[in-house]
Amino acid sequence: CPDEQKKIDFFDTGLKGFMVEVRATGGRTYYIRYRSKRGVIRVFKIGDAGLVRLDDARDGYRQVKSGRAGQGRDASSLPARGGSAGADPP
């Protein structure tokens with residue numbers, strides 16, 4: 001991260017809303033950024049990039065987008081995912 005920033009977000013150009021947050025401390029986390037039905041920007045944590053491979057995080061994104069989140073439900077109301085690559089997606 002640049003000196004004046006504590007974190008920076010990188011977005012996947014092929015998957016709308018899929019991002020990795022990189023912190024100045026070295027931590028990295030995969031998220032899905034989306035808008036709720038009311039237009040509020042929300043983020044859904046997929047998992048720690050040190051524990052979840054990029055391909056697995058992208059698969060998780062696709063499962064969420066085609067499943068519960070794709071049915072118009074607010075993903076923030078779903079149970080949180082533990083960050084393990086083997087865990088069931090929300």
Side-chain angles (χ1 to χ4, degrees):
C1 292
D3 292 334
E4 65 278 357
Q5 289 183 301
K6 293 184 180 183
K7 70 177 186 87
I8 188 166
D9 298 332
F10 294 96
F11 289 87
D12 190 305
T13 58
L15 299 174
K16 184 179 178 181
F18 179 74
M19 60 178 268
V20 62
E21 175 188 273
V22 179
R23 293 176 296 284
T25 60
R28 297 166 294 143
T29 306
Y30 296 115
Y31 291 97
I32 299 172
R33 182 179 289 177
Y34 66 99
R35 288 193 184 269
S36 69
K37 285 184 176 182
R38 294 184 177 185
V40 177
I41 294 176
R42 306 236 182 191
V43 293
F44 181 82
K45 182 178 178 180
I46 296 173
D48 183 314
L51 301 174
V52 179
R53 295 179 328 147
L54 177 58
D55 289 341
D56 292 334
R58 286 180 171 148
D59 288 343
Y61 166 93
R62 290 181 188 101
Q63 290 175 8
V64 168
K65 295 299 272 188
S66 67
R68 294 178 191 159
Q71 296 172 3
R73 293 183 3 202
D74 188 341
S76 67
S77 68
L78 301 173
R81 182 171 179 189
S84 169
D88 291 332

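Side chains are part of it too, since the values below use all heavy atoms of this structure and drop only hydrogens, waters and symmetry mates.
Between Lys16 and Tyr61 the shortest heavy-atom distance is O-OH, 2.5 Å. The two residues Lys45 and Tyr31 come nearest to each other via the heavy atoms CA-CD2, 3.5 Å. The minimum heavy-atom distance linking Arg28 with Arg23 is given by the pair N-NH2, 3.5 Å.
Looking at Val43 and Ile32, their side chains never come closer than 4.5 Å, going by heavy atoms from C-beta outward. The closest side-chain heavy-atom distance from Thr29 to Val20 is not below 4.5 Å. Annotation: side chain of Arg58 is in contact with side chain of Leu15 (closest heavy-atom distance under 4.5 Å). At least one side-chain heavy atom of Arg33 sits less than 4.5 Å from a side-chain heavy atom of Ile41. For the pair Tyr34 and Phe44, the minimum side-chain heavy-atom distance is below 4.5 Å.
In this structure, Arg35 has no side-chain hydrogen bond (donor to acceptor under 3.5 Å, both in side chains) partners at least two apart in sequence or on a different chain. Checked against ring pair (Phe, Tyr, Trp, His ring centres under 6.0 Å), Tyr30 has the following partners two or more places apart in sequence or in another chain: Phe18.
Exactly one residue among Leu54, Asp56, Asp48, Asp55 makes a side chain to side chain contact (heavy atoms under 4.5 Å, CB included) with Val52. That residue is Asp56.
In this structure, the separation between CE on Met19 and CG on Asp9 is 3.5 Å, given to the nearest 0.5 Å.
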